[in-house]
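Right, one structure below, let's go through it.
Proteins come first, then strands; the chains are lettered A, B, ... in the order of their sequence lines, and each starts at number 1.
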2 protein chains.
Amino acid sequence: MTVDSSHRFDELDTKEAILAAAERLFAAEGVPRASLRAITSEAGVNLAAVHYHFQSKEGLVRAVLERRWQPLSERRFELLERAERSAAGAPSAEEVVRAFVGPPLEMIQRERGGHAFARFMLGAFIDPKGEVREMLLEQLKETIDRFTDALSAALPHLPRAEIYWRFHFMVGVMAHTIALGSLVHGYSGGLCDPHDVEGVTQRMVDFVVGGFQAPSPAGAATEPGS
Amino acid sequence: MTVDSSHRFDELDTKEAILAAAERLFAAEGVPRASLRAITSEAGVNLAAVHYHFQSKEGLVRAVLERRWQPLSERRFELLERAERSAAGAPSAEEVVRAFVGPPLEMIQRERGGHAFARFMLGAFIDPKGEVREMLLEQLKETIDRFTDALSAALPHLPRAEIYWRFHFMVGVMAHTIALGSLVHGYSGGLCDPHDVEGVTQRMVDFVVGGFQAPSPAGAATEPGS
DNA sequence: CGCTGAATCAAACGTCCGTTTCAAACATAC
DNA sequence: GTATGTTTGAAACGGACGTTTGATTCAGCG
């Protein structure tokens, strides 16, 4: 019996219940196999509520991804800006790389079933008919710009095209590790522990920084024109 | 055993037609959206032929992947062994890395729609319910063993666990590049050309070798500072 | 020829899915 | 209280899917 927020509270409750159940089932079963009936059943809401709140199944997929993507991007920017403030001049490549690869690893450690969710998110990028991918790429654009700029400042000798390629490689390392990192334990014979998030982060950062610091292929001899 | 194989020719013909159509449609539409009706229609064969030759849709997926995976592995081993023969002692990390990341890039250049197929194959790894993944991992085991051994020989100062982690990172770079490399052209503003296979290969090799040559984190030769 | 087994075919089966519909419940504003 | 707009509920719709079935074709062979 409070102010106008009572019905909104219900709305958010239903919406959130759907989002939570959808996230879990999308990750565990894959989007095509996770039926709206299973999702609404697990959420304890009516089947039609999905179309009321999200218009369609794809709208639900989009909402689930957006909900996780936003904090991830914000956390990245936060770490990057912190490094930029604390550093005299530009932050080092290592700091920039850590600001990029750290947050996803934090996320999969914090959330239960994080690996499964990471696979689900990577799947959204891979899906050839993914209209959701467009949205993610749109949101990724700002991240790409900010981080390639920072990397360019940290590695001024690298041509811009090299920065983009190596940024792409870094994304590959990150995505593959959060999505399939748990496999390493198996095929290393138990030698590697994917649950040691700090250790994995450090290893990723070392590897990627090493890659960024590799000599430029076309050689320093030729100067990029324009 | 008769030498004559006329009926076998027909069988292979139908089988091959299904495999080719399935490969194309799986890559273009994604496995769940590629219906057996669409596949058999494109192949010009009867719907029931799929179950006759492959038992189920999943059997077809498995067969399509297996057909591409095998030559890929063989090509990798061929390049690795060539490097091992030509080198005095062990081949360098660069040669080993090139033997690993080169063949997939050759493949997507050679085949039409190679990028789409690479996405499809990566999707098979990501699929949380993928029983096909088990098969691929099984086949990957030998590749992992051979290449981690070779990398260990090229980089004897690295602990074995580091080798596994960095191998995993290399797989990430490779997978992400063959599956989503075409995106780089877009977000680099046309600066990067993903169709320049040799250039991309060289860049990947440089990056990955740089990563492998990074100092070991907890190792004896730790870098000063923090 | 007639038999045999593999291969193809058209047709159907049963199921599950995303979506829609429309009425009931609900809180709010007057 | 009545009117209004929002949210939930039960039930159904129409279609697409993987799979199965049983007949049919055809080659090889004694």
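Looking at residues two or more places apart in sequence or on another chain, you find a salt bridge (charged side-chain N to carboxylate O under 4.0 Å, His left out) between A:E78 and A:R75, A:R82. Legend: residues meeting ring pair (Phe, Tyr, Trp, His ring centres under 6.0 Å) with A:F147, ordered by chain and number and at least two apart, are A:F100. In this view, A:F54 satisfies the ring pair (Phe, Tyr, Trp, His ring centres under 6.0 Å) rule with no residue, not counting sequence neighbours. With sequence neighbours left out, the salt bridge (charged side-chain N to carboxylate O under 4.0 Å, His left out) criterion links A:E29 to B:K129.
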Expected list for residues 114-123 of chain B: side-chain donor-acceptor pairs under 3.5 angstrom, two or more places apart:
| unit_1 | atom_1 | unit_2 | atom_2 | d |
| --- | --- | --- | --- | --- |
| B:H115 | ND1 | B:I178 | O | 2.9 |
| B:R119 | NE | A:I126 | O | 3.2 |

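The separation between A:D13 atom CG and C:dC26 atom C1' is 15 Å, rounded to whole Å. Put simply, NZ on A:K57 is 4 Å from P on C:dG18, counting in whole angstrom units. B:Q55 places its CD atom 14 Å from the C1' atom of D:dT20, with the value rounded to the nearest Å. Spacing between atom CZ of A:F54 and atom C1' of C:dG18 amounts to 16 Å, rounded to whole angstrom units. Across the protein-nucleic acid pair, A:I39 atom CD1 and C:dC17 atom C1' stand 12 Å apart, rounded to whole Å. Put simply, OH on A:Y52 is 13 Å from P on D:dG9, counting in whole angstrom units. Atom C1' of nucleotide D:dG18 and atom CG of B:L47 are separated by 8 Å, given to the nearest angstrom.
Side-chain contact, B:T148 with B:R160: a donor N or O sits under 3.5 Å from an acceptor N or O.
Between A:H53 and D:dT8 there is a side-chain N or O to OP1 or OP2 distance below 4.0 Å. Side-chain N/O atoms of B:T14 include one lying less than 4.0 angstrom from OP1 or OP2 on C:dT8.
In the set C:dA6, D:dT7, C:dT19, C:dT19 carries the atom at the smallest distance from any side-chain atom of A:H51.
Residue pairs that meet the salt bridge (charged side-chain N to carboxylate O under 4.0 Å, His left out) test with at least one member in residues 200-210 of chain A, sequence neighbours left out, are A:R203-B:E162. Judged as a side chain to side chain donor-acceptor pair (under 3.5 Å), the pairs with a partner in residues 35-48 of chain A (not counting sequence neighbours) are, in order, A:R24-A:E42.
More than 12 heavy atoms of other shown residues, nucleotides or ligands fall within 6.0 angstrom of atom CD in A:E134.
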Protein and nucleotides 21-24 of chain D: nitrogen or oxygen contacts under 3.5 angstrom:
none

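Proximity of residues 25-38 of chain B to DNA chain C (heavy atom under 4.0 angstrom from any strand atom) is restricted to B:R37.
Interface remark: the B:N46 side chain does not form any donor-acceptor pair with the C:dA7 base, using a distance-only criterion of under 3.5 Å.
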